[in-house]
Chemist: 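Take a look at this one; I'll ask things after.
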Amino acid sequence: MTTGLDVEAVRKDFPILQRRVHDDRPLVYLDSANTSQKPRAVLDALAGHYELHNANIHRAQHVLAEEATAAYEGGRDKVAALINAPSRDELIFTKNASEALNLVANTLAWRSPYQVGPGDEIVITEMEHHSNIVPWQLLAERTGATLRWFGITDDGRLDLSNIDELITERTKVVSLVLVSNTLGTLNPVAAIAARAHEVGALVVADACQAVPQMPVDVTALGVDFLAFTGHKMCGPTGIGGLWGRREVLEQLPPFLGGGEMIETVRMTGSTYAPLPYKFEAGTMPIAEAVGLGAAVDYLTGIGLDAIAAHEREITSYALDQLHGVPGLRIVGPDTPVDRGGAVSFTLAGIHPHDVAQVLDSVGVAVRAGHHCARPVCDRFGIQATTRASFYLYTTRDEVDALVRGLDEVKRVFA
Amino acid sequence: MTTGLDVEAVRKDFPILQRRVHDDRPLVYLDSANTSQKPRAVLDALAGHYELHNANIHRAQHVLAEEATAAYEGGRDKVAALINAPSRDELIFTKNASEALNLVANTLAWRSPYQVGPGDEIVITEMEHHSNIVPWQLLAERTGATLRWFGITDDGRLDLSNIDELITERTKVVSLVLVSNTLGTLNPVAAIAARAHEVGALVVADACQAVPQMPVDVTALGVDFLAFTGHKMCGPTGIGGLWGRREVLEQLPPFLGGGEMIETVRMTGSTYAPLPYKFEAGTMPIAEAVGLGAAVDYLTGIGLDAIAAHEREITSYALDQLHGVPGLRIVGPDTPVDRGGAVSFTLAGIHPHDVAQVLDSVGVAVRAGHHCARPVCDRFGIQATTRASFYLYTTRDEVDALVRGLDEVKRVFA
Amino acid sequence: MRLDSLYQEIILDHYKHPHGRGLRDPYDAEVHHVNPTCGDEVTLRVRVADGIVEDVSYDGAGCSISQASTSVLTDLVIGKPVADAVAVQEEFLRLMQSKGAVEPDEEVLEDAVAFAGVSKYPSRVKCALLGWMAWKEATLRATAPAGQDRQVAADERANA
Amino acid sequence: MRLDSLYQEIILDHYKHPHGRGLRDPYDAEVHHVNPTCGDEVTLRVRVADGIVEDVSYDGAGCSISQASTSVLTDLVIGKPVADAVAVQEEFLRLMQSKGAVEPDEEVLEDAVAFAGVSKYPSRVKCALLGWMAWKEATLRATAPAGQDRQVAADERANA
Ligand SMILES: Cc1ncc(COP(=O)(O)O)c(C=O)c1O
Ligand SMILES: Cc1ncc(COP(=O)(O)O)c(C=O)c1O
């Protein structure tokens with residue numbers, strides 16, 4: 001490897017990578033954009049929490065409750081620091097990124113200085129994940145606002161040529177993905193956010209594919225909200241995060257109502273807790289926050305810079321190798337510039353489902369389909385793609401196994 | 001013990017019960033209504049899932065994805081069977097019970113045959129958890145509907161004397177708790193549901209404290225929705241459930257939008273997946289569903305009837321013992337009839353925070369406060385209570401430790 | 001994995017040389033079904049006359065399994081009395097939901113027994129069923145009391 | 001746990017015999033604070049004249065820690081110049097947020113050093129701060145430019 005990251009050492013931290021599949025073949029896991037694998041440190045943190053400290057938080061006066069509360073809030077501190085949040089109180093835990101995005105879209109429907117109404121416009125892009133499309137469609141439908149979007153160029157970049165038509169005085173929200181999970185594209189979010197702020201719009205960044213892979217700094221991006229998800233960044237399932245600017249979060253109405261998000265409840269009306277609790281209703285994913293904290297420690301221990309360098313290196317290698325496969329077409333930027341580690345492709349005459357199935361039979365795990373971003377497929381006039389995606393534990397050998405697997409695919413469907 | 005349950009054997013299944021606190025005292029965990037402890041079988045299921053089968057579900061074609069999908073859906077099968085759901089498709093996983101209740105309240109704000117509007121009435125009770133109050137307050141506020149509620153009698157039962165004034169043709173929803181987390185009261189939900197259905201209202205049961213403790217049958221209860229939470233029933237944090245009648249769920253609009261809950265997404269509009277997926281947006285708490293499935297296996301292995309019998313036995317013993325403590329007043333039914341295993345009390349002249357703190361110092365973990373049901377405290381003219389709550393691993397010795405602890409409380413605050 | 005158990009020769013043949021493909025007139029009902037996971041789609045028409053499945057025609061894009069199984073479907077149901085065709089569909093559904101635990105009835109399923117291996121791959125079961133579920137719905141509509149069917153079919157086309 | 005480190009004699013004394021309790025006139029600002037976890041409440045009034053904290057009076061219900069700390073507060077701030085009283089409040093806040101890692105400044109805090117042990121019990125820190133945060137807000141209002149303060153205070157009373 002040319003990067004500072006010792007991949008073989010990293011691989012030893014992930015128990016599942018020892019797994020053999022189908023007639024004792026080594027597992028080649030190239031589906032990390034879908035969900036990442038978990039290092040031992042995260043599994044230990046989960047088990048240790050349940051075996052020693054499990055209790056509900058913020059509520060009781062006993063030692064387990066004090067410990068569990070400290071561990072949960074410690075998770076928040078770590079995640080807030082990872083994305084350079086100006087304040088830990090601006091970091092809200094959710095169950096996943098989808099809930100985080102819905103939190104924003106949903107609260108914008110109700111009374112606040114940011115309320116969206118008829119005639120207002122919401123701008124997204126054609127390369128969004130469904131989780132950053134459907135919430136805005138629902139908001140538009142329910143409030144009478146209009147949904148508009150940036151298109152995609154032939155080489156898989158955002159088409160910003162009509163930005164001044166799209167982002168106007170009518171724009172109330174601009175929500176877009178930082179790194180596309182299908183095309184791999186890294187978008188110029190800071191520049192778009194600056195333009196959106198000129199017209200007074202709120203800016204939401206979907207950073208699901210970025211936070212796991214590269215240093216992300218909410219202040220440098222200049223956005224108002226940033227959504228991400230634990231399970232793609234070595235953390236457990238069941239937890240995600242929303243960072244939001246304090247001034248905005250404070251003025252939004254509550255999302256979910258219930259235990260913990262209140263100040264005083266009377267039958268005749270309630271008042272709400274300060275941030276971040278106002279948006280954390282009910283018993284939160286406590287062990288999951290502890291696990292996510294351990295994941296952040298793990299990632300920062302290795303270094304996000306080193307992880308990003310490895311991601312670039314392995315993606316570059318993969319693009320090179322895939323360019324050599326006859327009939328293969330990359331869908332998305334086909335150079336390693338301004339892109340993440342998800343590489344989508346089609347193979348002439350063979351359906352992606354079939355590609356993925358044959359690859360699975362030789363132990364190579366990829367995903368085929370529209371990757372929850374169907375409009376991208378529509379844009380490129382295809383039904384689906386096969387996607388290989390990489391992470392800090394991916395080796396060149398695994399990329400080679402993918403390329404060899406594609407030969408096998410062709411053999412079966414010859 | 002007079003019940004069929006071997007508590008000493010059960011205790012060995014829970015690693016945390018070996019824990020020593022404060023100067024090597026054994027942990028006496030009497031806070032299970034807040035959250036339950038987790039048996040080894042659940043921790044093993046979580047670890048095994050992450051170490052061998054971790055993948056995202058319903059999306060990819062590789063062996064890990066097939067295994068993870070089967071495990072997740074297996075969790076659904078188990079939970080659906082536990083509450084005797086007519087169909088597994090009616091069981092929606094959420095992050096907790098609060099989200100489940102908000103799902104119902106939130107979707108009723110939007111267009112559907114069940115939409116709530118001005119002039120409509122929502123009926124709850126004064127003994128609800130905040131998670132079954134605030135969502136309805138928000139719904140009422142946002143739609144112009146009116147919130148009404150059943151009161152509580154002096155002995156901690158629902159006051160049903162004015163049921164015919166409360167449940168009328170204007171009533172669109174009746175939402176109430178099956179077993180109160182503060183008073184312990186078991187409410188006659190089936191009878192109230194029958195009355196509510198006569199006027200065409202939807203009925204929601206908050207069964208958070210019931211599902212862990214006793215056989216619960218959604219059909220026998222005759223409700224339209226039933227909410228519960230994993231962490232109180234030996235399962236992990238980060239997962240809860242909503243059961244709903246198919247006809248109703250099918251006609252409700254979506255709640256959260258995003259990956260997995262869709263049929264087809266176009267930039268110009270989307271269609272939604274069939275049940276239960278329509279209400280499961282984004283990457284679900286996958287490992288948590290597997291863990292909850294293991295918890296259900298654990299509980300049904302012991303038998304919900306045996307667990308309920310133990311709960312009655314230990315609650316009855318605790319009430320007897322507490323009756324003997326001078327200055328102690330039970331808040332809630334003070335006989336073991338029609339009640340669960342949460343016992344709230346006050347101790348003359350000593351604030352519940354102080355009671356709980358001194359109890360903690362001798363190793364007894366209870367909760368003091370309003371238990372996320374502040375209107376109950378208002379009703380009884382008190383600020384807070386101390387609450388001891390029991391579960392399948394609670395012994396008589398632990399109840400004795402509580403009573404001895406109360407002597408220590410009095411010594412400190414003499 | 002026994003890849004051969006999934007991609008049997010018969011399946012690959014039907015995939016490469018599909019039967020019944022292309023939308024044809026006349027028809028009594030047309031439906032459009034989608035596999036939400038992958039976006040595979042099928043538009044399928046059914047013509048029923050005198051209680052006989054007179055024609056099934058379709059168009060769509062999808063993987064080898066979904067294409068081949070729709071092709072096999074047309075072979076099996078065209079020309080059969082509706083009741084018999086429905087029985088075939090039910091047997092195929094049963095096989096697909098069996099997780100590999102059911103011996104397929106070759107008498108009823110003929111070429112469709114080749115799909116037995118698919119039932120061991122839950123993520124592909126939906127592919128195999130895409131055309132069959134579309135056929136079931138179209139046939140239900142085509143055989144519903146007059147007035148009702150045509151209307152539903154028209155709505156469906158309007159939405160497609 | 002060293003229970004004694006939490007429930008120091010001084011704390012129990014103030015709890016049993018609180019100083020400054022009962023709402024008094026005249027006052028410039030009144031606030032109402034709640035501890036959301038337990039429902040403990042305090043209503044607190046501040047009177048400031050010539051830059052001096054002339055009076056602090058309060059009413060409310062709460063645990064020994066919240067009651068005693070409000071009682072100690074009144075001892076410490078009444079009669080002090082506002083700036084000095086604010087410095088005491090800040091030092092007390094720093095101590096409470098220290099998780100037991102800070103040596104309290106006895107010069108500044110006097111009797112309030114007894115609360116050092118509370119900082120090791122995060123769930124009780126809010127109790128200890130209830131009265132102090134209420135005092136801080138009330139004092140801010142009482143010393144805000146004329147016109148503004150009275151209005152805020154009146155709004156607050158209307159809501160209480
Ligand atoms: C009766 C009742 N309802 C609702 C809830 C909320 O459950 P959760 O916090 O898991 O959302 C609880 C527990 O906190 C409860 O006891
Ligand atoms: C770009 C992007 N946005 C949103 C999501 C949704 O995340 P989750 O499924 O955890 O809610 C994903 C992953 O599925 C994603 O890759």
Side-chain angles (χ1 to χ4, degrees), chain A residues 15-16 19 21 31 34-35 37-38 43 47 50-52 54-56 59-64 95-99 102 110 126 129-131 133-135 137-138 142 149 231 236-238 256-259 262 265 267 270 281-283 285-288 353 356-357 360 365 367-368 372 374-375, chain B residues 15-16 19 21 31 34-35 37-38 43 47 50-52 54-56 59-64 95-99 102 110 126 129-131 133-135 137-138 142 149 231 236-238 256-259 262 265 267 270 281-283 285-288 353 356-357 360 365 367-368 372 374-375:
Chain A
I16 207 170
R19 171 116 191 238
V21 294
D31 196 21
N34 202 353
T35 198
Q37 295 304 342
K38 321 301 174 201
L43 305 187
Y50 283 126
E51 285 173 14
L52 291 172
N54 177 64
N56 215 324
R59 297 180 171 185
Q61 291 72 28
H62 51 78
V63 60
L64 297 184
K95 74 175 170 187
N96 55 25
S98 302
E99 188 192 355
N102 278 275
W110 306 114
E126 210 176 357
H129 188 280
H130 295 162
S131 295
I133 300 176
V134 182
Q137 289 179 335
L138 290 171
R142 289 166 177 180
W149 54 89
H231 67 94
T237 52
L256 307 180
I262 56 93
V265 174
M267 295 308 286
S270 301
T283 301
I286 301 169
E288 290 77 3
H353 262 192
Q357 195 80 59
D360 173 57
R367 179 177 174 187
C372 301
R374 196 177 169 286
Chain B
I16 208 171
R19 169 110 195 243
V21 294
D31 195 22
N34 203 354
T35 198
Q37 295 304 341
K38 322 300 174 202
L43 305 188
Y50 283 126
E51 285 172 15
L52 291 172
N54 178 63
N56 214 325
R59 297 179 171 184
Q61 290 73 30
H62 52 78
V63 59
L64 297 184
K95 74 175 169 188
N96 55 25
S98 302
E99 187 192 355
N102 278 277
W110 306 114
E126 210 175 357
H129 188 281
H130 294 162
S131 295
I133 299 176
V134 182
Q137 288 178 334
L138 290 171
R142 289 165 177 180
W149 54 89
H231 67 94
T237 51
L256 306 181
I262 55 94
V265 174
M267 294 308 286
S270 301
T283 301
I286 301 169
E288 290 77 2
H353 262 191
Q357 194 80 60
D360 173 56
R367 179 177 174 189
C372 301
R374 196 177 169 285

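Every chain is numbered from 1, with letters handed out A, B, ... down the list of sequences.
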Chemist: Mind checking the CG-OG1 spacing from B/Asn96 to B/Thr237? Nearest 0.5 Å is all I need.
Modeler: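 Going from CG on B/Asn96 over to OG1 on B/Thr237, the span is 10.0 Å.
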Chemist: Measuring heavy-atom distances to chain B, does A/Asn34 have an atom under 4.5 Å in its side chain, in its backbone, in both, or in neither?
Modeler: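 Both parts, heavy atoms under 4.5 Å.
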Chemist: Would you say that A/Pro236 contacts B/Tyr50 through its side chain, given a criterion of any heavy-atom pair below 4.5 Å between the two side chains?
Modeler: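 Of all side-chain heavy-atom pairs linking B/Tyr50 with A/Pro236, at least one is under 4.5 Å.
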Chemist: For A/Asn56 and A/Thr283: C-alpha separation, side-chain torsions, deciding distance, then whether side chain to side chain donor-acceptor pair (under 3.5 Å) applies.
Modeler: CA-CA 7 Å; A/Asn56 215 324; A/Thr283 301; 3.1 Å; yes
Chemist: Please give me the minimum heavy-atom distance between A/Ala368 and B/Gln61, naming the atom from each residue.
Modeler: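 Smallest heavy-atom distance, with atoms named: N-OE1, 3.2 Å.
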Chemist: If you count heavy-atom pairs within less than 4.5 Å of chain A, which of B/Ala55, B/Ala97, B/Ala281, B/Gly258 leads?
Modeler: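 The option with the most such pairs is B/Gly258.
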Chemist: Any non-hydrogen side-chain atom of A/His130 less than 4.5 Å from a side-chain atom of A/Ser98?
Modeler: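 Counting from C-beta outward, A/His130 and A/Ser98 never come under 4.5 Å.
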Chemist: Hey, does A/Lys95 have a side-chain heavy atom less than 4.5 Å from the side chain of B/Leu256?
Modeler: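 Sidechains of A/Lys95 and B/Leu256: in contact.
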Chemist: With a 4.5 angstrom heavy-atom cut-off, is it the side chain or the backbone of B/Glu126 that approaches chain A, or both, or neither?
Modeler: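 For B/Glu126, backbone and side chain are both near chain A.
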Chemist: Report the option among B/Pro375, B/Ala356, B/Ala47 that has the most heavy-atom pairs separated by less than 4.5 Å from atoms of chain A.
Modeler: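 Counting heavy-atom pairs under 4.5 Å, the top option is B/Pro375.
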Chemist: So what's closer than 4.5 Å to chain B heavy atoms on A/Ile286: side chain, backbone, both or neither?
Modeler: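 For A/Ile286, heavy atoms of backbone and side chain both lie under 4.5 Å from chain B.
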Chemist: So what's closer than 4.5 Å to chain B heavy atoms on A/Glu51: side chain, backbone, both or neither?
Modeler: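 Contact with chain B is through both the backbone and side chain of A/Glu51.
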Chemist: So what's closer than 4.5 Å to chain A heavy atoms on B/Arg19: side chain, backbone, both or neither?
Modeler: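 Answer is side chain: those atoms of B/Arg19 sit under 4.5 Å from chain A.
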Chemist: Can you tell which of A/Lys38, A/His129, A/Arg59 has the highest number of heavy-atom pairs within less than 4.5 Å of chain B?
Modeler: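 Among A/Lys38, A/His129, A/Arg59, the one with the most close pairs to chain B is A/Arg59.
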Chemist: Of the non-hydrogen atoms in A/Asp31 and B/Ala60, which two are nearest, and what is the gap between them?
Modeler: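 Here A/Asp31 and B/Ala60 meet closest at OD2-CB, 3.7 Å.
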Chemist: Under 4.5 Å heavy-atom distance to chain B, tell me which part of A/Leu52 shows up: side chain, backbone, both or neither.
Modeler: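 A/Leu52 touches chain B through backbone and side-chain heavy atoms alike.
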Chemist: Please report the closest heavy-atom contact between B/Gly259 and A/Ser131, naming both atoms and the distance.
Modeler: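 So the minimum-distance heavy-atom pair works out to N-OG, 3.0 Å.
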Chemist: Just give me the residue among A/Met267, A/His231, A/Glu99 that pairs up with chain B most often, heavy atom to heavy atom, under 4.5 Å.
Modeler: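 If we count pairs closer than 4.5 Å to chain B, A/Met267 comes out on top.
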Chemist: Who among A/Val134, A/Thr35, A/Asn54 has the most heavy-atom pairs with chain B under 4.5 Å?
Modeler: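 Highest number of heavy-atom pairs under 4.5 Å: A/Asn54.
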Chemist: Heavy-atom cut-off 4.5 Å, strictly under: side chain, backbone, both or neither for A/Ile262 against chain B?
Modeler: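 The answer is the side chain of A/Ile262.
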